[in-house]
> 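Pasting a structure here, questions to come.
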Amino acid sequence: MNNSNTPAISVIIPIYNVEEFLRKGLESLTQQTMQDFEVIMVNDGCTDGSRGIMQEFSEKYPNFHIVDKQNGGVSSARNAGVKEAAGEYIAFLDSDDYLKPDYLERLYQRAQETGADVICCNYTLDMSESKRLITLPIQLPAGLYSTERLMRSLLKDVRMHYFLWNKLWKRTLFTEHGIEFPDMFFEDIATTPRLMYFANKVAVLKGSYYYYMQRKGSILGSMDIRKINDYIRSLAVIRNFLEQQNDYQRYRLTFIFYGYKVILTNYYSIVVAHLKHRRLAGLWRNLKASTKEVQYYIGKRYKPVPGVGEFPNVVTLPPPKNKTKKAKKENS
């Protein structure tokens with residue numbers, strides 16, 4: 001235990017209508033081999049039985065706390081959790097995921113050994129439908145890394161990924177640099193590089209300690225027009241941030257690599273979105289608009305904007321055919 005009343009770790013869980021899955025994740029926290037932590041359960045306006053489960057755990061375990069707020073999405077829930085956090089480090093747990101019993105102990109122990117501001121571990125996919133567990137050995141080898149080395153891997157999104165939840169974060173990365181999650185999908189892509197940039201060094205653990213539930217309805221599994229636009233917007237936030245730090249040139253080639261990955265991902269997502277709505281009209285326009293916008297964010301003509309920026313939507317679906325015809329008749 002710490003000598004003060006300050007917990008070593010604050011675990012933040014944004015919760016919205018996950019009654020079916022919530023208990024497993026909370027129970028995994030009660031089974032942690034480390035005891036010096038608090039759990040901040042952010043009730044993001046739940047309308048199912050999730051609030052009752054939170055109440056049950058908060059009454060049984062003194063280190064479990066509830067923060068109630070109006071529904072505002074994952075970003076606002078995480079921001080609310082960070083404001084309430086008192087721990088030296090912050091860990092994020094998605095409300096339908098769960099942890100190995102030694103997750104917090106392993107990561108915090110490594111933090112104490114190395115003095116690193118960020119500690120990362122591998123994760124295991126829990127395929128809920130097939131009931132299979134798949135560990136993905138695609139992370140950097142265990143070791144201690146400079147921030148620049150980690151940033152290059154992170155921006156490529158190849159051997160270090162944008163996920164918040166398989167990492168332990170020094171709380172001062174948020175508080176001393178005023179970093180908040182923007183109100184958008186893919187807020188982790190828009191936020192993780194900004195946090196990592198200010199880290200003194202990053203430790204990578206060998207082994208998987210986090211279980212990620214792979215379900216239908218996940219963000220990547222249900223890409224729609226709004227999510228495609230936010231995917232592009234997350235790229236813009238990163239470029240804007242690096243420009244504000246006067247450090248874009250150091251990561252330019254790595255960033256361009258990721259930009260073309262975004263272009264290819266969007267090709268697929270845009271086609272799927274049009275096929276899902278059975279509307280091919282506007283498909284070519286959307287493909288061109290997406291590509292042009294990404295090329296602007298990775299190109300020489302980009303001009304920074306204040307803060308995290310307000311970036312336009314560039315991908316749209318046309319109205320249904322019958323509405324289009326009706327509008328033409330009214331205008332004729």
> Contact between Leu26 and Tyr61 at the side-chain level, heavy atoms closer than 4.5 Å - yes or no?
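Leu26 vs Tyr61: side chains apart.
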
> Between Lys201 and Thr114, do the side chains contain an N or O donor and an N or O acceptor separated by less than 3.5 Å?
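Looking only at side-chain atoms, Thr114 and Lys201 do not form any donor-acceptor pair under 3.5 Å.
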
> Measure the CD1-OG1 distance between Ile228 and Thr316 for me, rounded to the nearest 0.5 Å.
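It comes to 10.5 Å.
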
> So, Tyr197 versus Asp247: side-chain donor-acceptor pair below 3.5 Å or not?
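A pair is found: one side chain offers a donor N or O, the other an acceptor, under 3.5 Å apart.
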
> Is any side-chain N of the basic residue among Asp183 and Arg233 closer than 4.0 Å to the acidic one's carboxylate O?
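Salt bridge flag = no for Arg233 with Asp183.
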
> Counting only N and O atoms by type, is there a donor-acceptor contact under 3.5 Å from the side chain of Tyr251 to the main-chain atoms of Ile256?
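No, because the side chain of Tyr251 does not come within donor-acceptor range (under 3.5 Å) of the backbone of Ile256.
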
> With a 4.0 Å cut-off, would you call Arg51 and Asp68 a salt bridge?
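Judged by the 4.0 Å cut-off on N to carboxylate O distance, Arg51 and Asp68 do form a salt bridge.
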
> If the threshold is 4.0 Å, N to carboxylate O, is there a salt bridge linking Glu27 and Lys24?
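Not counted as a salt bridge, because no side-chain N and carboxylate O are separated by less than 4.0 Å.
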
> Between the side chain of Lys292 and the main-chain N/O of Val314, is any donor-acceptor distance below 3.5 Å?
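Absent.
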
> Where the side chain of Lys100 meets the backbone of Ser208, is there a donor-acceptor pair that is under 3.5 Å apart?
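Here the side-chain-to-backbone pair exists.
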
> Just by distance, no angles: are the side chains of Thr291 and Tyr267 close enough, under 3.5 Å, to form a donor-acceptor pair?
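There is such a pair (donor and acceptor under 3.5 Å, judged by atom type) between the side chains of Thr291 and Tyr267.
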
> Please answer whether the main-chain N or O of Gly207 pairs with a side-chain N or O of Asn122 as donor and acceptor at a distance below 3.5 Å.
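No, the answer is negative, given that no donor and acceptor are paired below the 3.5 Å cut-off.
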
> For Phe181, is the NZ or CZ atom of Arg78 found under 6.0 angstrom from the centre of its six-membered ring and inside 45 degrees of the ring axis?
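Yes, Arg78 sits over the ring of Phe181.
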
> Just do the ring-ring contact (aromatic ring centres under 6.0 Å, His included) check on Phe37 and Tyr103 with the steps written out, would you?
CA-CA 12 Å; Phe37 67 94; Tyr103 173 82; over 10 Å; no

> Ring-plane angle category for Phe163 and His161, please: parallel below 30°, perpendicular beyond 60°, tilted otherwise.
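Judged by the thresholds at 30° and 60°, the geometry between Phe163 and His161 is tilted.
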
> Do any N or O atoms from the side chain of Trp169 and from the backbone of Phe92 form a donor-acceptor pair under 3.5 angstrom?
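Absent.
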
> Do Asp36 and Tyr108 have side-chain N/O donor and acceptor atoms under 3.5 Å apart?
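No, no side-chain donor-acceptor contact under 3.5 Å.
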
> For Tyr302 and Asn240, test the side chains for any donor-to-acceptor distance below 3.5 angstrom and give the result as yes or no.
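Present: a donor and an acceptor within the cut-off.
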
> Hey, would you say the Phe241 and Phe198 ring centroids sit under 6.0 Å apart?
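Ring centroids of Phe241 and Phe198 are less than 6.0 Å from each other.
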
> For Gly307, is there any backbone N or O sitting under 3.5 Å from a side-chain donor or acceptor partner on Gln244?
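Yes, Gln244 side chain to Gly307 backbone: donor-acceptor pair under 3.5 Å.
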
> Ignoring hydrogens and angles, tell me if any N or O in the side chain of Ser50 forms a donor-acceptor pair with the backbone of Tyr16 under 3.5 Å.
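A pair under 3.5 Å: no.
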
